[in-house]
Amino acid sequence: MRALVWHGTEDIRCDTVPDPKIEDDRDAIIKVTACAICGSDLHLYDHFMPGMEKGDVMGHEFMGEVVETGKGVNGALKKGERIVVPFTIICGECDQCKRGYFSVCERSNRNKDIADKAFGHTTAGLFGYTHLTGGYQGGQAEYVRVPFADKTHIKVPENLSDEQVLFLGDIFPTGWQAAVQADIQPTDTVAIWGAGPVGQMTLRSALLLGAKQVVCIDSVPERLEMARAGGAITIDNSQDSTVERLNELTGGKGPEKCIDAVGMEAHSPRALEHAYDRVKQAVMLESDRASVLREMIYVCRPAGILSIPGVYGGLIDKVPMGALMNKGLTIRTGQTHVNRWTDDLVKRIDDGQIDPSFVITHRAKLEQGPEMYKTFRDKKDNCIKVVLRP
């Protein structure tokens, strides 16, 4: 089969690789009908995340048709069914899964010993990501093996198109969880750093959850335009001071809720701060750039909540812990517990409350994937979200 394969930093190729096979009774094989390039994939493309190996198949946002199941699936999936596959692989039986904390499933990471050493305790296995999270082959391919397939799936209504439901596997529930864990109240101003795909889903989720006003911070014109179309007030942080504008919008008090939809590759509009972080990265004294986190801590209203859906992989520097502690801020973060939210989100799509396909700007064949990675990373051609068809 054909698949997008990692060969090193900025080196993704469309290769011919072996077809996946049933390896466990709870496996299923799906034929991929649509997949997407996610912002988290760029952390692998730029090689900021450790644990990648040459030959790894990329991609964790995908859907398709069931073509084969192991006997342990026990009728939970049948040949011909159309499903979205969550990026988090879940057993559905461990203590964490039973509590709905699916992204920290205790059993699905087949490299548990490595994760235990890196994080203190293992987290869930993830598709198409590093060997810290199991080294499972990803979904930017013609076929995928789905482990624990009796639990790791989302069945979707036949009346909804692939593009309407594809993002149920990651960015829609990620944006939704980011907003939910901010505990949004009707009087809240919610500030969101990053108007990429997750930021776009987050701002619409915040409005669906009843926020008084949502402010989105970015510097890319087409992303800011899309955010305004979704109902957000925008700040171009390449032109204006984020701190000053947020104080203007909140009567000098700051937003009650701040959400980091950027993560480890944040770009600070302040040249000295950005240069500092890049130098620290270059000499391996930090792995992640913390400019968004620093700004959120500084600008957030005392007793507010910081929600962090943006991916971080290692160490950050110069975090103002004094401000965080003395202002009494709460931090909530984590990979997305996808299956916790999907029944509700499928219904919202079906009811017409939201059509997640609004975020798609580019559609291409799988073979065009390597060039689309670069287009997406470099924000060329007004690119916000890429969907690929095998």
Side-chain angles (χ1 to χ4, degrees), residues 101 103-104 119-120 123 174-196 198-199 201-203 205-207 209-218 232-235 237 240-270 273-274 276-277 280 286-337:
Y101 298 140
S103 73
V104 287
F119 301 137
T123 55
T174 294
W176 186 261
Q177 178 172 301
V180 168
Q181 67 189 9
D183 189 23
I184 292 169
Q185 303 299 312
T187 55
D188 282 347
T189 293
V190 180
I192 301 167
W193 277 255
V198 169
M201 297 297 173
T202 303
L203 79 87
S205 297
L207 290 169
L209 289 168
K212 180 179 74 174
Q213 63 178 351
V214 174
V215 185
C216 202
I217 301 116
D218 206 299
I233 300 166
T234 60
I235 298 173
N237 63 354
D240 299 315
S241 165
T242 300
V243 175
E244 290 178 5
R245 285 286 292 125
L246 284 173
N247 281 331
E248 288 172 6
L249 291 164
T250 59
K253 294 185 176 182
E256 289 91 346
K257 310 297 164 58
C258 295
I259 299 177
D260 173 4
V262 180
M264 67 195 312
E265 292 187 68
H267 286 73
S268 173
R270 294 169 291 279
E273 180 183 17
H274 190 62
Y276 173 86
D277 279 333
K280 293 281 283 191
E286 71 171 341
S287 58
D288 305 353
R289 302 195 290 264
S291 60
V292 166
L293 291 177
R294 297 183 193 115
E295 191 163 66
M296 290 204 313
I297 291 169
Y298 184 77
V299 77
C300 189
R301 186 176 303 201
I305 295 175
L306 311 180
S307 175
I308 308 172
V311 173
Y312 288 85
L315 304 174
I316 54 178
D317 191 28
K318 296 292 185 290
V319 176
M321 287 299 298
L324 178 71
M325 182 270 170
N326 284 287
K327 291 172 75 175
L329 303 180
T330 297
I331 295 179
R332 293 174 179 158
T333 187
Q335 297 281 9
T336 310
H337 309 305

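No hydrogens, no waters, no symmetry mates; every other heavy atom, side chains included, goes into these values.
Residue S205 comes nearest to A179 through the heavy atom pair CB-CB, 3.9 Å, listed as atom of the first residue, atom of the second, then distance. Taking all atoms of both residues into account, the shortest heavy-atom contact from A266 to V292 is CB-CG2, 3.8 Å. Nearest heavy atom pair, residue I297 against residue A323, reads CG2-CB, 3.8 Å. When every heavy atom of A290 is checked against every heavy atom of D277, the shortest pair comes out as N-OD2, 3.8 Å. Nearest heavy atom pair, residue T234 against residue R245, reads O-NH2, 4.5 Å. Nearest heavy atom pair, residue T250 against residue P255, reads CG2-N, 3.9 Å.
With hydrogens and angles ignored, the 3.5 Å screen pairs a side-chain donor or acceptor of D288 with a backbone N or O of G313. Between the R332 side chain and the I305 main chain, no donor and acceptor come within less than 3.5 Å of each other. E295 contributes no side-chain N or O that, together with a main-chain N or O of W193, makes up a donor-acceptor pair within less than 3.5 Å. Looking at T189, its side chain never comes within 3.5 Å of a backbone N or O of Q213 through a donor-acceptor pair. Checking side-chain atoms of S307 against main-chain N and O of I259 turns up no donor-acceptor pair under 3.5 Å. In this structure, K257 contributes its side chain and D183 its backbone to a donor-acceptor pair below 3.5 Å. Between the side chain of R289 and the backbone N or O of E265 there is at least one donor-acceptor pair closer than 3.5 Å. At distances below 3.5 Å, at least one donor-acceptor pair connects side-chain atoms of K327 with backbone N or O atoms of C300. At least one donor-acceptor pair closer than 3.5 Å links the side chain of E286 to the backbone N or O of D317.
Taking CD of E244 as the reference point, atom CG of L249 lies at 12.0 Å (rounded to 0.5 Å). Atoms CD1 and CG, from I331 and L324 in turn, are 4.5 Å apart once rounded to the nearest 0.5 Å. Here the straight-line distance linking atom OG of S287 with atom CG of L315 works out to 5.0 Å at 0.5 Å rounding. Between the OG1 atom of T242 and the CD1 atom of I235 there is a distance of 5.5 Å, given to the nearest 0.5 Å. K318 NZ to K280 NZ: the interatomic distance, rounded to the nearest 0.5 Å, is 5.0 Å. Once rounded to the nearest 0.5 Å, the distance linking CD1 of I192 with CD1 of I217 reads 8.0 Å.
Residue-environment remark: CD (Q185) exceeds the threshold of 12 foreign heavy atoms within 6.0 Å.
Considering only heavy atoms from C-beta on, M201 stays 4.5 Å or farther from T174 through its side chain. You'll find the side chain of L209 reaches within 4.5 Å of the side chain of V180, heavy atoms only. Between M296 and D260 there is a side-chain heavy-atom pair separated by less than 4.5 Å. I316 has its side chain within reach of L293: a pair of non-hydrogen atoms, C-beta onward, lies under 4.5 Å apart.
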Stepwise side chain to side chain donor-acceptor pair (under 3.5 Å) check, T336 with Q177: CA-CA 7 Å; T336 310; Q177 178 172 301; 4.7 Å; no

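A salt bridge between K212 and E256 is absent, with no side-chain N of the basic residue lying under 4.0 Å from a carboxylate O of the acidic one.
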